[in-house]
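To start, the structure under review is shown below, and the notes come after it.
Treat the numbers as computed from the prediction; the structure is a model and nothing was measured. Computation of the quantities below employed the complete heavy-atom set of this structure, encompassing side-chain atoms and omitting hydrogens, waters and symmetry-equivalent molecules.
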Amino acid sequence: MPVESPSPSVDETLSTLWGLAIGLLLMVGGLWVQQIHQREQVTLKEVQGTVVDTISRRERDATTHQEKITYAPVIEFPVTNDRTRFTGKYESYRVSNGKPVVVRYNPQQPATTAQVVDPLEGWTPWAMVGIGGLSVFWSLTPLLLRWTSGCRRDR
């Protein structure tokens with residue numbers, strides 16, 4: 001006589017649905033970010049730039065109201081036969097002069113569209129897909145275990 005496994009509780013069902021939703025959103029988001037990176041690599045040009053200077057500015061922290069100093073690198077990169085400069089993002093640390101960086105820019109507007117390429121940029125979408133896949137897997141594991149244990153009892 002087959003033994004029926006108990007049906008999942010409301011909490012188990014909700015946690016499974018949340019895990020699936022979060023996992024699928026992460027996976028779709030990762031693939032979307034990958035599409036954006038691929039489109040940028042096709043339409044924008046990448047060259048080697050060099051940090052030639054650093055700009056600093058004083059800011060007030062919104063919560064503590066303490067003054068802090070942030071730094072932005074001035075980066076020079078080649079465009080056809082000229083050299084173009086732009087200012088990178090302000091950070092809490094200073095980048096050394098002479099440091100090589102990868103710069104991505106639109107050839108029609110190099111000075112206004114230039115940006116530093118993050119060295120970990122290519123890993124981000126795949127990390128999102130991987131974490132999303134793990135979330136989906138772990139969300140479905142209790143259901144799969146319940147289903148396979150029910151199948152074994154039927155034999």
(Q) Tell me whether Thr113 contacts the main-chain N or O of Asn106 through its side chain, where contact means a donor paired with an acceptor under 3.5 Å. (A) yes

**Q.** Partner set under salt bridge (charged side-chain N to carboxylate O under 4.0 Å, His left out) for Glu91, not counting sequence neighbours
**A.** none

(Q) With a 4.5 Å cut-off on side-chain heavy atoms, are Val52 and Asn97 touching? (A) no

Q) Are the side chain of Arg60 and the backbone of His65 linked by a donor-acceptor contact shorter than 3.5 Å? A) yes

Q. Can you check whether Gly19's main-chain N or O pairs, donor with acceptor, with Ser135's side chain at less than 3.5 Å?
A. yes

Q.
To the closest 0.5 Å, what do you measure between OG (Ser139) and CH2 (Trp18)?
A. 12.0 Å

Q. Going by heavy atoms in the side chains, are Leu24 and Val136 under 4.5 Å from each other?
A. yes

Q) Taking all atoms of both residues into account, what is the closest heavy-atom pair of Phe137 and Thr141, and its distance? A) O-OG1, 2.7 Å

Q: Test Val74 against Ile55 for side-chain contact (heavy atoms from CB on, under 4.5 Å), laying out the working first.
A: CA-CA 7 Å; Val74 176; Ile55 299 173; 3.7 Å; yes

Q.
Do Arg83 and Phe77 form a cation-pi contact, if we require the NZ or CZ to be under 6.0 Å from the six-membered ring centre and within 45 degrees of the ring's axis?
A. no

Q. Which distance, rounded to the nearest 0.5 Å, do you find between the CZ of Arg39 and the CD of Gln35?
A. 6.5 Å

Q) Are side-chain heavy atoms of Trp126 and Val33 found at a separation under 4.5 Å? A) no

Q) Would you say the side chain of Thr112 lies within less than 4.5 Å of the side chain of Phe86, judging by non-hydrogen atoms? A) no

Q. Considering only heavy atoms from C-beta outward, does the side chain of Gln41 approach that of Arg104 to under 4.5 Å?
A. yes

Q. Are Glu40 and Lys45 ion-paired here, with the side-chain N under 4.0 Å from a carboxylate O?
A. no

Q) Can you find a pair of side-chain heavy atoms, one from Arg57 and one from Tyr90, that are under 4.5 Å apart? A) yes

Q: Could you check if a side-chain atom of Thr50 sits within less than 4.5 angstrom of a side-chain atom of Val101, using non-hydrogen atoms only?
A: no

Q: Identify whether Leu26 and Val129 are in the same connected component of the hydrophobic contact network (ILVMFWY, side-chain heavy atoms under 4.5 Å).
A: no

Q) Any idea which heavy atoms bring Pro110 and Tyr105 closest together, and the distance? A) CB-CD1, 3.5 Å

